[in-house]
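First up is the structure itself, then whatever we jot down about it.
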Amino acid sequence: HWNTPPSNSSNAGIMSSEDAQSEREGRVLRLADHSFVLSLNNELVSSAEKESSLQTLEQLAKDMRNTPYMERAKSFGGNGISDADVTAAAKAVDEELKKCDENIADAKENLGEEEVRQESLKKAELLAEAGRYTEAIAVFKEIDEMSKTTTGQKIDIALQVLRIAFATDDFELMLSTLDQAKAYGEKGGDWERRNRIKVYEAVKCIRVRQFEQAAKLLLDAVATFTATELFDYQTFVLYVVVTSMITLERSTLKKRIVESPEILQVLHTMPSLQGALMSLHNCVYSTYFQSVVGVYDMLMKDRFFAPHAQYFLRQARIIAYRQYLLSYRSVKVETMAQAFGVGSEYLDKELSDLVFCGRIACKIDAVNGVIEAERADCINQLYQDTIKQVFCRLQARVSFVSSLATLEKHIMRLFSVKFLMFC
């Protein structure tokens, strides 16, 4: 991950406090991120990068007394953690948990529910940092169900649980908790919390490959991004640009991304991403193809996007092919291959596969080496869609009528039996 843009000097004191809080809240995710980097092969990550991640993982795990990740750091070849360190960390956590339980019991007996909530929250956060996620989630749930827990506090608890779900890739927990957080946000969350929920939902959409919805949510948060516990602003911009490139129309992409001052102030720090976006917008396809490979390498190192890097690469090529063919009724394969900086045979094979799958509307004349673009007939497509909808509704109606007829037969048969018994 990269650094966020520098804050204004007038707000430096406030921002440093907020950044420290965000850093602490995001430590569970940082553990998962560094562990992911260490699991990648040496072609993607250099030995220097791995060594840096290993040192950070060891230090974080020791600071958090997270014994599962301490063990994982040892499995990656780390020498900074011994068996004695793991045992001592587990013992220290158990002692602190004992104190938390005593404080909770004292608060229940002598103080009020707010004090009980505060002590329970300390226990839940301690369990989460120590890697005892199941226990932590159970305590978070107890706090959520307390009568004096406000809507804002409920949202904060849901976001803490979501970070655990993101760190552990628990999709079931992710979906259920996100629905809960959104419900609380609609009920009475402030604008800052609602904006954070949007970013969390966008991460969920990325994980399940709903890039169009992810782009919409991320674009809404560009000017108000505060979820730095998930990732910094530069990573946020990476996500915004990547999801938008493969889902937005060209005119919308220009308005929301290419001309966005918030995006541009960070975009220059990622040359591959900047090259891909600008070359696509300016129709310089050979540069675009080269830059997209660099973006692919960036995504392969990102824990949220890595499973979808191949999909992005394919979609990025399809977007460029479609955009190029919009300018021609027909074009030679050789001419198009030169524009993209690839071989004619490669382009012919890839376009053939994409045409067969219905991803690109064109015809390839292999004899003359010509590609004929096909324009979508909007009226005919609307007609076909309408016919399909009418057919589906008629089929449903026929099925319903058939069910009614069957029910009527059963009723008449039952009535006949009752009548005979009466006679």
Salt bridge [X]-[Y], side-chain N to carboxylate O under 4.0 Å:
{"X": "Glu115", "Y": "Lys108", "answer": "no"}
{"X": "Asp94", "Y": "Lys98", "answer": "no"}
{"X": "Glu129", "Y": "Arg65", "answer": "no"}
{"X": "Glu119", "Y": "Lys122", "answer": "yes"}
{"X": "Asp33", "Y": "Arg30", "answer": "yes"}

- Query: Thr150: what forms a side chain to side chain donor-acceptor pair (under 3.5 Å) with it, not counting sequence neighbours?
  - Reply: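 So Thr150 forms a side chain to side chain donor-acceptor pair (under 3.5 Å) with Gln153.
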- Message: Checking Gln59 now: which residues fulfil side chain to side chain donor-acceptor pair (under 3.5 Å) with it, not counting sequence neighbours?
- Response: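 For Gln59 the side chain to side chain donor-acceptor pair (under 3.5 Å) partners, ignoring immediate neighbours, are Asp63.
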As an exercise, state the distance from [atom1] of [X] to [atom2] of [Y], rounded to the nearest 0.5 Å.
{"X": "Lys255", "Y": "Leu219", "atom1": "NZ", "atom2": "CG", "value": "11.5 Å"}
{"X": "Arg256", "Y": "Lys216", "atom1": "CZ", "atom2": "NZ", "value": "9.0 Å"}
{"X": "Ile164", "Y": "Leu173", "atom1": "CD1", "atom2": "CG", "value": "7.5 Å"}
{"X": "Met64", "Y": "Glu125", "atom1": "CE", "atom2": "CD", "value": "11.0 Å"}
{"X": "Leu162", "Y": "Leu230", "atom1": "CG", "atom2": "CG", "value": "9.0 Å"}
{"X": "Trp191", "Y": "Arg196", "atom1": "CH2", "atom2": "CZ", "value": "11.0 Å"}

Mind checking what makes side-chain contact (heavy atoms from CB on, under 4.5 Å) contact with [X], not counting sequence neighbours?
{"X": "Glu135", "value": "Leu127, Arg132"}
{"X": "Ile318", "value": "Arg314, Gln315, Arg322, Leu354, Arg359, Ile360"}
{"X": "Ala215", "value": "Thr243, Ser244, Thr247"}
{"X": "Glu249", "value": "Ser251, Thr252"}

Taking atom [atom1] of [X] as the centre, does the number of heavy atoms from other residues, nucleotides or ligands within less than 6.0 Å exceed 12?
{"X": "Lys301", "atom1": "NZ", "value": "yes"}
{"X": "Arg209", "atom1": "CZ", "value": "yes"}
{"X": "Lys74", "atom1": "NZ", "value": "yes"}
{"X": "Glu334", "atom1": "CD", "value": "no"}
{"X": "Glu212", "atom1": "CD", "value": "no"}

Report yes or no: does [X] contribute a side-chain atom to a donor-acceptor pair with the main-chain N or O of [Y] at less than 3.5 Å?
{"X": "Arg163", "Y": "Glu25", "value": "yes"}
{"X": "Thr56", "Y": "Ser52", "value": "yes"}
{"X": "Thr269", "Y": "Val266", "value": "yes"}
{"X": "Thr149", "Y": "Ile143", "value": "yes"}
{"X": "Thr335", "Y": "Val331", "value": "no"}
{"X": "Glu58", "Y": "Gly80", "value": "yes"}
{"X": "Ser260", "Y": "Ile257", "value": "no"}

- Task: Just do the side-chain contact (heavy atoms from CB on, under 4.5 Å) check on Leu238 and Phe305 with the steps written out, would you?
- Result: CA-CA 10 Å; Leu238 171 67; Phe305 245 113; over 6 Å; no
- Taking every non-hydrogen atom, the tightest pair across Thr177 and Ala158: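 Closest approach of Thr177 to Ala158, heavy atoms only: CG2-O, 3.3 Å.
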- Task: Let me see the working for Glu372 and Arg329 under salt bridge (charged side-chain N to carboxylate O under 4.0 Å, His left out), right down to the final yes or no.
- Result: CA-CA 6 Å; Glu372 296 179 3; Arg329 293 188 65 86; over 6 Å; no
- Message: Working note: Glu142 + Ser120, criterion side chain to side chain donor-acceptor pair (under 3.5 Å); need CA distance, chi angles, decisive distance, verdict.
- Response: CA-CA 8 Å; Glu142 291 176 7; Ser120 297; 5.6 Å; no
- Task: Would you sort out whether Ile371 and Lys363 count as a side-chain contact (heavy atoms from CB on, under 4.5 Å), showing the intermediate values?
- Result: CA-CA 6 Å; Ile371 302 168; Lys363 294 179 180 179; over 6 Å; no
- Tell me the salt bridge (Lys or Arg N to Asp or Glu O under 4.0 Å) pairs involving residues 259-273, sequence neighbours left out?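 Every pair satisfying salt bridge (Lys or Arg N to Asp or Glu O under 4.0 Å) with a residue in residues 259-273: Lys254-Glu259.
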- Task: Start with the C-alpha distance between Asp302 and Tyr239, add both sets of side-chain angles, then the distance that settles side chain to side chain donor-acceptor pair (under 3.5 Å), and finish with yes or no.
- Result: CA-CA 10 Å; Asp302 185 274; Tyr239 291 175; 2.6 Å; yes
- Can a donor-acceptor pair be found between the side chains of Glu113 and Ser147 at a distance below 3.5 Å?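 The criterion, which ignores hydrogens and geometry beyond distance, is satisfied for Ser147 and Glu113.
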- Task: Could you tell me whether the side chains of Asp179 and Tyr184 share a donor-acceptor contact shorter than 3.5 Å?
- Result: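 No.
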- Message: Could you check whether any side-chain heavy atom of Arg193 comes within less than 4.5 Å of a side-chain heavy atom of Asp156, counting everything from C-beta outward?
- Response: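 SC-SC contact between Arg193 and Asp156 confirmed.
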Can you list everything that forms a ring pair (Phe, Tyr, Trp, His ring centres under 6.0 Å) with [X]? Sequence neighbours excluded, please.
{"X": "Phe236", "answer": "Phe225, Tyr233"}
{"X": "Phe289", "answer": "Tyr321, Phe340"}
{"X": "Tyr311", "answer": "Phe211"}

- Message: Is there a side chain to side chain donor-acceptor pair (under 3.5 Å) between Asn103 and Asp106? Walk through the geometry before answering.
- Response: CA-CA 5 Å; Asn103 292 337; Asp106 179 65; over 6 Å; no
- Item | Inter- and intrachain pairs under side chain to side chain donor-acceptor pair (under 3.5 Å), touching residues 39-50, at least two apart |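 Found Asn42-Lys50, Ser46-Glu49.
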- Query: Tell me the side chain to side chain donor-acceptor pair (under 3.5 Å) pairs involving residues 275-285, sequence neighbours left out?
  - Reply: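 Only Tyr285-Gln323 qualify under side chain to side chain donor-acceptor pair (under 3.5 Å).
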- Message: One pair to check against salt bridge (charged side-chain N to carboxylate O under 4.0 Å, His left out): Lys349 and Asp353. What are the steps and the verdict?
- Response: CA-CA 6 Å; Lys349 183 179 184 304; Asp353 293 339; 3.5 Å; yes
- Message: As a quick check of understanding, evaluate salt bridge (charged side-chain N to carboxylate O under 4.0 Å, His left out) for Arg117 and Glu114, giving each step before the final call.
- Response: CA-CA 5 Å; Arg117 188 192 67 81; Glu114 176 59 23; 2.9 Å; yes
- Item | From CA spacing to verdict: side-chain contact (heavy atoms from CB on, under 4.5 Å), Val292, Arg317 | CA-CA 9 Å; Val292 160; Arg317 298 198 305 270; 5.7 Å; no
